[in-house]
Amino acid sequence: MHYADLNGSDLCETNLQGVHLSWADLSGAFLRSANLINATLCNANLRDAELSSANLSGAELRTKLPRANLSGANLTGANLSSAYLPNAL
């Protein structure tokens with residue numbers, strides 16, 4: 001699903017374990033409580049994404065997350081090297 005256009009999509013509580021979403025447009029997407037264990041989100045657009053309570057353990061998050069809501073998200077073992085997090089919650 002590289003380069004997928006999921007802008008503003010409602011993916012709350014969706015099981016996306018291990019999905020490859022590199023270069024995808026997830027800006028403004030609703031991913032609250034989504035299962036993103038071991039997901040690859042490198043270079044994805046997550047501007048204004050709602051990721052509260054999402055399970056991002058082991059995820060590759062080398063991307064830009066400006067104004068993303070990560071409150072309550074599980075980031076155990078997530079790769080945030082090179083992540084850009086201005087004004088993220």
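In this text, all values refer to a predicted model and were calculated from it rather than measured experimentally.
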K.L.:
Say you draw a straight line from CG of L61 to OG1 of T40; how long is it, rounded to the nearest 0.5 Å?
P.N.:
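If I round to the nearest 0.5 Å, the distance is 9.5 Å.
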K.L.:
Test your reading of the model: is there a side-chain donor-acceptor pair from S52 to the backbone of N69, 3.5 Å cut-off?
P.N.:
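Not a single qualifying donor-acceptor pair exists.
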K.L.:
Atom CG of L46 and atom NZ of K64: how far apart are they, to the nearest 0.5 Å?
P.N.:
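Interatomic distance, L46 CG to K64 NZ, rounded to 0.5 Å: 12.0 Å.
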K.L.:
For the atom pair CG (L26) and CG (L6), what is the distance rounded to the nearest 0.5 Å?
P.N.:
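It is 5.0 Å, given to the nearest 0.5 Å.
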K.L.:
Using the rule side-chain contact (heavy atoms from CB on, under 4.5 Å), only one of S33, S71, C12 pairs with S53; which is it?
P.N.:
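That would be S33; it is the only one of S33, S71, C12 passing the side-chain contact (heavy atoms from CB on, under 4.5 Å) with S53.
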K.L.:
With hydrophobic residues grouped by side-chain heavy-atom distances under 4.5 Å, do I37 and L80 end up in a single group?
P.N.:
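Hydrophobic grouping puts I37 apart from L80.
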K.L.:
Do N7 and S27 have side-chain N/O donor and acceptor atoms under 3.5 Å apart?
P.N.:
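Yes, because at least one side-chain N or O of N7 sits under 3.5 Å from a partner of the opposite role on S27.
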K.L.:
Supply the atom-to-atom distance S81 OG to E60 CD, rounded to the nearest 0.5 angstrom.
P.N.:
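That separation rounds to 7.0 Å.
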K.L.:
Do F30 and L36 share a hydrophobic cluster, counting only Ile, Leu, Val, Met, Phe, Trp and Tyr and linking them when any side-chain heavy atoms are less than 4.5 Å apart?
P.N.:
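In one cluster: no.
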K.L.:
I need the N45 CG to W23 CH2 distance, nearest 0.5 Å.
P.N.:
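So the gap between those two atoms works out to 11.0 Å.
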K.L.:
Determine whether L41 and L70 fall in the same hydrophobic cluster, where Ile, Leu, Val, Met, Phe, Trp and Tyr are linked whenever their side-chain heavy atoms lie under 4.5 Å apart.
P.N.:
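Cluster IDs for L41 and L70 match.
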K.L.:
Between N35 and N55, do the side chains contain a donor N or O and an acceptor N or O under 3.5 Å apart?
P.N.:
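The answer is no; no qualifying pair exists.
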K.L.:
Among L11, L56, T14, which residue meets the side-chain contact (heavy atoms from CB on, under 4.5 Å) test with L31?
P.N.:
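Of the listed residues L11, L56, T14, the side-chain contact (heavy atoms from CB on, under 4.5 Å) partner of L31 is L11.
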